Student: 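The structure that follows is given in the form of structure tokens.
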Protein chains: 2
Amino acid sequence: MKKEKATIHDIARKLNITASTVSRALKDHPRISAETKKAVQKVAAKLNYQPNNIAAALRNGKSNIIGIIVPTADRTFFSSVVRGIEEIANTAKYNVMICQTYDNFDKEVSTVEALLNARVDGIIVSHGKETQNFEHFLKVKERGIPIILFDRSNDELEVSNVVIDDFLGAYKATEHLVQQGCKRIAHFTNARKISIFKERLRGYREALLDNGLKFDESLVVDSNLQLEDGRSSMEQLLKRKDIPDGVFSSSAYGILGAMQVLKEKGFKVPEDVALVGFSNEPFTSFTEPPLSTVDQHPMRMGNAAAEIFLEEMAAKDKKFIPQKIVLKPELIIRQSSLRKKPN
Amino acid sequence: MKKEKATIHDIARKLNITASTVSRALKDHPRISAETKKAVQKVAAKLNYQPNNIAAALRNGKSNIIGIIVPTADRTFFSSVVRGIEEIANTAKYNVMICQTYDNFDKEVSTVEALLNARVDGIIVSHGKETQNFEHFLKVKERGIPIILFDRSNDELEVSNVVIDDFLGAYKATEHLVQQGCKRIAHFTNARKISIFKERLRGYREALLDNGLKFDESLVVDSNLQLEDGRSSMEQLLKRKDIPDGVFSSSAYGILGAMQVLKEKGFKVPEDVALVGFSNEPFTSFTEPPLSTVDQHPMRMGNAAAEIFLEEMAAKDKKFIPQKIVLKPELIIRQSSLRKKPN
């Protein structure tokens, strides 16, 4: 059963005063008598009157809401970034609302629209795998609303972004496998679509070359990097005569799939094939053996994105120069790649 | 750099016509000439005019946004419920925004406030562990905005809710352990606070009694059911003379902690201690051995919650009788509890 919402006009009518007097009374304006203020408050309470913050937002352009757009909130990487954003946002009295795109481009565009209609004060986004066109983000920028990209970003947009050094993360992971004695290191990538994966592929390639190994294109498997993709990629590699003795995957689920297949077929991890993944999802430490991985410091990434937002809000009408923050990833070595005792 | 947003008044001024004419021209009103419509559209495009849906929402009370409040979006259970809600909501052209409370009561209250201020058309919520007072939800109901609780609900509120039969899930899990030959079955609970855990405790107890076993209070360990809690609960149980030969945990992380400790101390799972958890988190199938668990059908739960929302919206001004939907959980038997071959 819908109830009509009480307005200041309803209060005004009850008391036979003007709406403007009611408005000023509710704001404790000095020109309004204590008596009137009391009467207004009494009627307001009786009618269950709620000050309309949306109307206020229409006037001052502030809703105190930050919209976050992520492909999916159930990856620990993304949910940790959100946590990092909330940590900073809450201290500044901003509420955070999260929207998922499931990597669907149309949903991403309509989500930006919905957030603009909800009058968010800013948008922090990691775009979908399908996104090639960035006009919906430019529209946000053109309306003077801060938009900050994280992880998956685009340098050409001239908006602030927070990323990790994907090249470095991949370089460290691959070099570690070389140091563990691996000679034929395969790589799982999704480089056709997203720049972060291209960077990781580049890091893998450079680390091989810098360490005297060849870059062999046939050891690079392109897929969507989900669990099933990791499984089929590994199965494909095991059909070779010269099967790889190490795999570096650009995702956590991809390397899990590889490990499942290896164990099912009787291979030993890390003795026969050493494994390193990317993204420190919690499950990577629950597997047997636990999986080595590259940690992206998602909390710090979220903190940084929220801090840029607050700076941009504080800059108000002044021109704000977009910032780029590059965080250093950390290689976490667990048993799946550890053939030698660390020095 | 903030830009002032163009309004219909700006367009009107440019063309020296009234704002009302602009408004009608933009709505393709038959009384407005084709020439005027064309001129208005041209100026609107030039000024980057955006129709203000919030202002429209103020008039018709619809934002096409459903707000979802969950303790945390990174548990697969909650994220799957959200997926289930989106599946239905998207077909009806609703956008979904997710807010996390991290089980913090104050954050839950302020989140409800923020969603009301964002003029959501409905709220679907699973409340926090600390929530004992439900006035913030009643406020939503009083304003005629549909509010639907899921999983963690409260029958006294007289709002719609979608839950699973927690008693049945726990009963099935415990009976399964009995059938596998367990005689001293421990239980991890968080029953002090949330009714779903009380129901699971009740299911555990009834299954024991119905199968000729005693209910031994000292085998029930109360905690927050996180990974560390599962570890310390198991450590506590292993100090007994008569250590348990089975554990049923009301959470997925709790049973994972128990398994880690058992394996570290050289116990065999399921031979020495058989284990069953609750909530079919993906990692439960990646562990060794994979963990038996109770699946709560979260997608279906989300579907049902969204369907109730749509029905309540369709009922409009008519009185809507709150609905209660109880879903049947499913016991998923994996190696952690399987001592005997299934029949």
Side-chain angles (χ1 to χ4, degrees), chain A residues 1-5 48 50 52-58 61 63-65 67-68 72-76 78-80 82-83 86 90 95-100 102 107 110-111 113-120 139 142-145 227 256 260 281-283 286-288 315-320, chain B residues 1-5 48 50 52-58 61 63-65 67-68 72-76 78-80 82-83 86 90 95-100 102 107 110-111 113-120 139 142-145 227 256 260 281-283 286-288 315-320:
Chain A
M1 198 171 59
K2 299 260 172 201
K3 257 192 223 170
E4 206 54 52
K5 220 189 137 214
N48 191 24
Q50 297 286 340
N52 191 333
N53 292 6
I54 294 286
L58 280 172
S63 63
N64 278 340
I65 297 171
I68 304 179
T72 159
D74 65 352
R75 284 291 146 84
T76 301
F78 288 119
S79 65
S80 300
V82 171
R83 249 171 228 261
E86 294 208 52
N90 289 344
N95 282 290
V96 152
M97 291 186 188
I98 311 156
C99 300
Q100 304 183 100
Y102 302 108
K107 194 150 197 308
S110 76
T111 299
E113 203 64 44
L115 287 173
L116 288 177
N117 288 338
R119 287 263 162 173
V120 294
K139 201 166 147 187
E142 277 161 17
R143 285 176 66 170
I145 293 167
L227 180 64
L256 174 64
Q260 286 181 348
E281 294 287 323
F283 76 79
F286 305 153
T287 56
E288 263 178 56
K316 280 185 189 142
D317 297 331
K318 277 171 259 159
K319 179 133 184 78
F320 182 79
Chain B
M1 198 171 63
K2 298 262 172 197
K3 260 190 220 170
E4 206 53 52
K5 219 189 138 216
N48 192 24
Q50 297 286 340
N52 191 332
N53 293 4
I54 293 288
L58 280 172
S63 62
N64 277 341
I65 297 171
I68 304 180
T72 159
D74 65 354
R75 284 290 145 85
T76 301
F78 288 119
S79 64
S80 300
V82 171
R83 249 171 227 261
E86 295 209 51
N90 289 343
N95 282 290
V96 152
M97 292 186 188
I98 311 156
C99 300
Q100 305 183 99
Y102 303 107
K107 195 151 197 306
S110 77
T111 298
E113 203 64 45
L115 287 173
L116 288 177
N117 288 338
R119 287 262 163 176
V120 294
K139 201 167 148 187
E142 277 162 17
R143 285 176 66 170
I145 293 168
L227 181 63
L256 174 65
Q260 286 181 348
E281 294 286 322
F283 76 79
F286 306 153
T287 55
E288 262 179 57
K316 279 182 188 144
D317 297 331
K318 277 170 260 161
K319 180 135 182 78
F320 182 80

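Model, not experiment: these values are computed from the prediction. Sequence lines set the chain letters: A, B, ... in the order given, protein chains first and strands last, and positions in each chain run from 1.
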Student: Chain A heavy atoms under 4.5 Å from B/S80: which part of the residue, side chain, backbone, both or neither?
Tutor: neither
Student: CG/A/N95 to CD/B/E113 distance, rounded to the nearest 0.5 angstrom?
Tutor: 9.5 Å
Student: Distance check, rounded to the nearest 0.5 Å: B/I68 atom CD1 versus A/I98 atom CD1?
Tutor: 10.0 Å
Student: Considering only heavy atoms, which portion of A/R83 lies under 4.5 Å from any heavy atom of chain B: side chain, backbone, both, or neither?
Tutor: both
Student: List the atom of A/K107, the atom of B/E86, and the distance in Å for their closest heavy-atom pair.
Tutor: NZ-OE1, 2.7 Å
Student: If we only count heavy atoms from C-beta on, is the B/V96 to A/Q100 side-chain gap below 4.5 Å?
Tutor: no
Student: For B/Y102, which atoms come within 4.5 Å of any heavy atom of chain A: side chain, backbone, both, or neither?
Tutor: side chain
Student: Could I get the full list of ring pair (Phe, Tyr, Trp, His ring centres under 6.0 Å) partners for A/F283, not counting sequence neighbours?
Tutor: A/Y253, B/F286
Student: Quick one: which of B/V82, B/T76, B/D74, B/T287 has the most heavy-atom pairs under 4.5 Å with chain A, could you say?
Tutor: B/D74
Student: Which atoms form the tightest heavy-atom contact between B/M97 and A/A118, and what is the distance?
Tutor: CE-CB, 4.2 Å
Student: Rounded to the nearest 0.5 Å, what separates atom CG in B/N90 from atom OG in A/S110?
Tutor: 7.5 Å
Student: If you count heavy-atom pairs under 4.5 Å between each of B/T72, B/L256, B/L227 and chain A, which one has the most?
Tutor: B/L256
